[in-house]
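These notes concern the structure reproduced below.
Counting starts at 1 for both ligands and their atoms, following the listed order. When reading the values below, keep in mind they use all heavy atoms of this one structure, side chains included, and skip hydrogens, waters and symmetry mates. What you see is a predicted model, and the numbers here were worked out from it, not measured in a lab.
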Amino acid sequence: MESRLIAATLLLCCFGYACAGNMPDYIKICHRNDPELSKCVKQSVHNLRPYLGKGIKEINVPALEPLYIGDLNILEGGSSGITVKAKKLNIFGASNFEITKMRASTQNRRFDFELLLPLLQGDGQYDINGNILALPIKGNGPFVGNFTNFVAYVRITYDVRNVNDIDYFEVKEFALKIRTGKGRLRLENLFNGDKVLGDVINQTINENFELFTNEVIAPIARALEVKFLAIATKILENFTYNELFPV
Ligand SMILES: *[C@@H]1O[C@H](CO)[C@@H](O)[C@H](O)[C@H]1NC(C)=O
Ligand SMILES: *[C@@H]1O[C@H](CO)[C@@H](O)[C@H](O)[C@H]1NC(C)=O
Ligand SMILES: *[C@@H]1O[C@H](CO)[C@@H](O)[C@H](O)[C@H]1NC(C)=O
């Protein structure tokens, strides 16, 4: 009798717990029919930022600070006649975004975000080889860079997938475009330290920064898509559709 009562109490408690949707601090739920859904999703994503920075251990979300991109082929020979590789690229500041525009549509199962990245800092190793204006250019070494006011456009489309009678969000598409802002790079040890030539190249890069980064940014955007999709998937697979997005 007593054990039954305990069992019943436990059951009730568990049920109550689930119903109350006792969610962790990093999740701020939004109601599906919220007339200001976009505003809610925006706040919810803003709330998530510090957790993304440090990572969320309990659901295996890796820290976004720093964001390790690894090796990238930035320019590959071809018409420009110059090959540029970045190695061990790390980016700092990706979790310090500000959502400047947000549109959530449950009808189209689609979220569009415009994010401002006020300051990104990068470091790594570069490897440059080729010719610029018949001038042979060769060098490798560390580089650092500051990038200000980059803008990211993110489009997420999703489906609701039923697994064993429970609905889950399933990300169908995560597309990212980046509009470059201002920036400054410093390549150390160009021409094995030849100061005059090094400064000429440094200056050329920095004067043409926007041109340069627009070529460079596509592979970085692809790498970021992969990272962010992995993060979104980790979060979404650990909560049900009704937990995250109750009626
Ligand atoms: C990047 O910004 C930091 C802090 O403002 C500064 O100390 C550093 O020299 C800058 N780096 C470059 C390559 O401009
Ligand atoms: C250019 O590169 C050299 C190293 O080759 C570095 O010492 C110098 O500070 C850089 N100049 C600029 C303007 O970034
Ligand atoms: C998160 O979801 C994955 C995949 O379904 C699962 O393996 C893992 O145990 C879940 N983690 C938690 C803490 O629920």
Side-chain angles (χ1 to χ4, degrees), residues 14 17-29 48 51-52 54-63 65-67 69 72 74 84 86-97 116-128 139-150 158-172 174 180-191 193 195 198-213 216-217 220 226-245:
C14 292
Y17 175 84
C19 278
N22 206 327
M23 298 291 271
D25 289 346
Y26 53 88
I27 303 280
K28 289 265 175 285
I29 59 160
L48 194 57
Y51 301 97
L52 291 181
K54 288 191 219 111
I56 309 171
K57 277 220 182 66
E58 58 193 273
I59 53 168
N60 284 319
V61 172
E65 302 293 348
L67 177 59
I69 304 276
L72 281 180
I74 288 170
V84 182
K87 292 180 179 162
K88 298 183 184 158
L89 173 62
N90 267 309
I91 293 185
F92 302 82
S95 69
N96 274 331
F97 57 80
L116 175 69
L117 295 151
L119 176 63
L120 296 172
Q121 294 184 294
D123 68 27
Q125 303 281 319
Y126 73 89
D127 192 305
I128 189 166
N140 58 70
F143 78 90
V144 290
N146 287 340
F147 315 98
T148 49
N149 295 335
F150 277 40
Y158 65 93
D159 250 336
V160 180
R161 198 163 64 102
N162 191 280
V163 184
N164 300 326
D165 280 339
I166 299 172
D167 285 339
Y168 289 92
F169 265 108
E170 185 179 61
V171 179
K172 266 171 60 187
F174 190 108
T180 58
K182 297 227 174 302
R184 192 168 173 76
L185 288 179
R186 197 167 64 228
L187 310 181
E188 308 282 352
N189 200 36
L190 262 174
F191 304 104
K195 175 118 181 63
D199 279 349
V200 169
I201 301 303
N202 275 351
Q203 212 178 342
T204 308
I205 287 175
N206 285 313
E207 276 170 5
N208 296 291
F209 184 80
E210 254 167 88
L211 224 82
F212 187 75
T213 49
V216 164
I217 212 70
I220 294 181
V226 173
K227 295 272 175 191
F228 281 111
L229 176 60
I231 290 173
T233 304
K234 280 261 158 56
I235 294 173
L236 297 178
E237 74 184 9
N238 278 285
F239 301 98
T240 70
Y241 181 67
N242 285 314
E243 280 175 328
L244 291 172
F245 220 34

Nearest protein heavy atom with distance in Å, relative to [atom]:
{"atom": "atom 12 (C) of ligand 3", "answer": "N238 OD1, 2.9 Å"}
{"atom": "atom 9 (O) of ligand 1", "answer": "R186 NH1, 4.1 Å"}
{"atom": "atom 4 (C) of ligand 3", "answer": "E237 OE2, 3.4 Å"}

When you measure from atom 6 (C) of ligand 1 to each heavy atom in N146, L185, L119, which option holds the nearest one? N146
Grab the two heavy atoms, one from [X] and one from [Y], that are nearest each other, plus how far apart they are.
{"X": "E65", "Y": "N96", "answer": "OE2-N, 4.3 Å"}
{"X": "Y158", "Y": "F245", "answer": "OH-CE2, 4.0 Å"}
{"X": "V61", "Y": "K234", "answer": "CG2-CB, 3.7 Å"}
{"X": "G122", "Y": "F147", "answer": "N-CE1, 3.9 Å"}

R184 heavy atoms within 4.0 Å reach ligand 1 at atoms 13 (C), 14 (O)
Those atoms of ligand 1 less than 4.0 Å from some heavy atom in Q121: 1 (C), 2 (O), 3 (C)
E58 heavy atoms within 4.0 Å reach ligand 3 at atoms 13 (C)
For atom 2 (O) of ligand 1, state whether the nearest protein heavy atom is under 4.0 Å away. yes
Hey, does Y26 have a side-chain heavy atom less than 4.5 Å from the side chain of L52? no
Quick test of your reading of the model: are E170 and K172 salt-bridged, counting only N-O distances below 4.0 Å? no
